[in-house]
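Each chain gets a letter, A, B and so on, in the order its sequence line appears, and its residues count up from 1.
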Amino acid sequence: MRQSTRFWIGLAFLSAATAFSASLPPDGMALISNGVYRPLFADDSGTRETHVKSFYLDRLPVTVSDYLLFVNANPDWQKSRVKRIFADESYLENWDGDLNPGGNAPPNCAVTCVSWFAARAYAQWKGKRLPTIAEWERAAAASESSPDGASDPEFKRRTLQWYITPNAPLAQVGQRPPNFWGARDLDGLVWEWVVDFNSALVTIAPSADDPGGNGGLFCGAGAQGARNLEDYPAFMRFGFRSSLEANYCIHTLGFRCAKDL
Amino acid sequence: MKALVFSLLSSLLALATPGYAGDCCKNALSCEAVAGQLPGASVYQLNSVWTNDFGQEVRWPSLKGQVRVVVMFFSHCNYACPLLVYKAQQLEAALPGDIRTKVAFTLASFDVQRDTPESLHDYRAQRKLSADWTLLHGNDDGVLELAAVLGVKFKKASQGQFQHSNLITILNSDGEIAYRESGLDLQTGSLVQEIEKLVKQ
């Protein structure tokens with residue numbers, strides 16, 4: 001065999017191997033391949049599509065038992081020791097003690113009552129990060145059979161049903177079928193933190209800054225710029241994120257981690 | 001060479017800068033000790049490291065001890081920031097003399113790319129900011145965390161702009177948020193009142 005042929009075959013093997021290993025997500029994570037996220041509102045330049053690079057996303061929300069390992073290893077994040085600036089007084093409110101979640105926080109339920117800072121610290125500890133809004137929405141847009149569930153009425157109905165059900169009790173993670181990407185519980189269980197939760201500024205005119213809140217959010221003028229007025233869950237999430245502060249700890253708000261490829 | 005002269009000049013200037021209270025924690029370890037004495041709700045619990053416009057490292061715990069007015073901004077801002085900084089300057093001018101000497105001002109930039117310590121130093125000169133002002137350049141995580149504790153919403157926009165809320169925050173001498181005012185209304189009355197209350201405490 002000629003030298004150069006051998007070289008090319010070798011290279012082909014090598015690139016196949018690289019491609020294969022690159023597409024194998026880390027344990028417990030799903031590959032969300034690159035695509036487009038259409039934000040609810042166009043940005044200041046009128047762009048209605050954001051390109052989302054491929055990334056890994058935890059298949060499941062972080063559970064109470066996952067989080068217990070974190071507070072064991074990082075005492076600063078135990079409920080009696082956490083700094084108020086990083087987590088309000090509701091931090092791990094449903095836990096019995098620093099290292100004892102107790103009956104109100106079963107091990108296999110999503111951990112909730114955690115702040116953005118806490119979620120971020122957990123992700124860093126795991127060598128991961130929090131997903132962006134664009135990444136999270138891209139992952140959550142998938143139904144069980146398609147990366148874009150928008151065309152699936154059953155998917156839309158089920159998602160909506162959860163968003164309009166007030167205060168469903170905490171349920172165990174992973175009980176429902178995975179979506180197209182292999183991730184579960186992106187809806188139907190808890191709301192989830194994203195790293196840029198505080199970027200939700202509704203700008204109706206390009207030069208307008210946030211006039212001290214999001215008063216324009218639910219009025220007609222604010223909704224005029226919206227992409228899809230039927231996407232009620234997207235409005236709900238937008239409104240919910242806008243109302244958060246980074247140290248808020250809420251019973252229905254958990255998180256999952258993302259990671260670069 | 002230019003950089004060397006700049007850093008030499010910066011260190012000299014910094015020695016004469018009252019706004020810089022870096023003595024209490026020159027390194028991470030002693031900073032941790034200072035942070036340990038601060039209230040849990042203090043913004044100075046943040047452990048990100050910033051650089052001021054004199055080229056010196058600034059850690060948040062080193063800023064304790066004075067009532068502080070904090071504004072997040074970026075120097076290339078075409079819309080709101082010039083007004084926001086002007087408002088803070090108006091506030092400085094409106095403070096009675098005995099109060100003014102006890103108050104510090106901090107501008108922290110969203111724009112980690114362009115607002116380098118050098119360009120912030122130019123900004124100080126352009127805007128004629130007094131020695132009581134600290135101008136801070138940070139990294140992405142530092143900016144994200146500061147905005148998060150202050151409750152500032154922001155987003156990178158096109159053409160190097162940022163969309164952001166216009167917030168003036170007043171911290172007490174321990175770095176706890178005492179008062180926040182949002183919007184570009186140039187009235188400084190309530191800010192002056194809040195500061196007077198804090199200084200007299």
Please flag which part of B/V43 lies under 4.5 Å from any non-hydrogen atom of chain A: side chain, backbone, both or neither.
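Both parts, heavy atoms under 4.5 Å.
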
Region of B/L46 in contact with chain A, defined by heavy-atom distances below 4.5 Å
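Answer is both: backbone and side chain atoms of B/L46 are under 4.5 Å from chain A.
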
Which residues in residues 75-86 of chain A have any heavy atom lying under 4.5 Å from a heavy atom of chain B?
A/K83, A/R84, A/I85, A/F86

Taking atom CG of A/L244 and atom NZ of B/K153, what is their separation to the nearest 0.5 Å?
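So the CG of A/L244 and the NZ of B/K153 are separated by 7.5 Å.
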
A/N198 side-chain N/O to B/V152 backbone N/O, donor-acceptor pair under 3.5 Å:
yes

Counting a contact as any heavy-atom pair under 4.5 Å apart, which residues of residues 139-150 of chain B contact chain A?
B/D141, B/L144, B/E145, B/A147, B/A148, B/V149

Does B/Q187, at its CD atom, have more than 12 non-hydrogen atoms belonging to other residues, nucleotides or ligands within less than 6.0 Å?
no

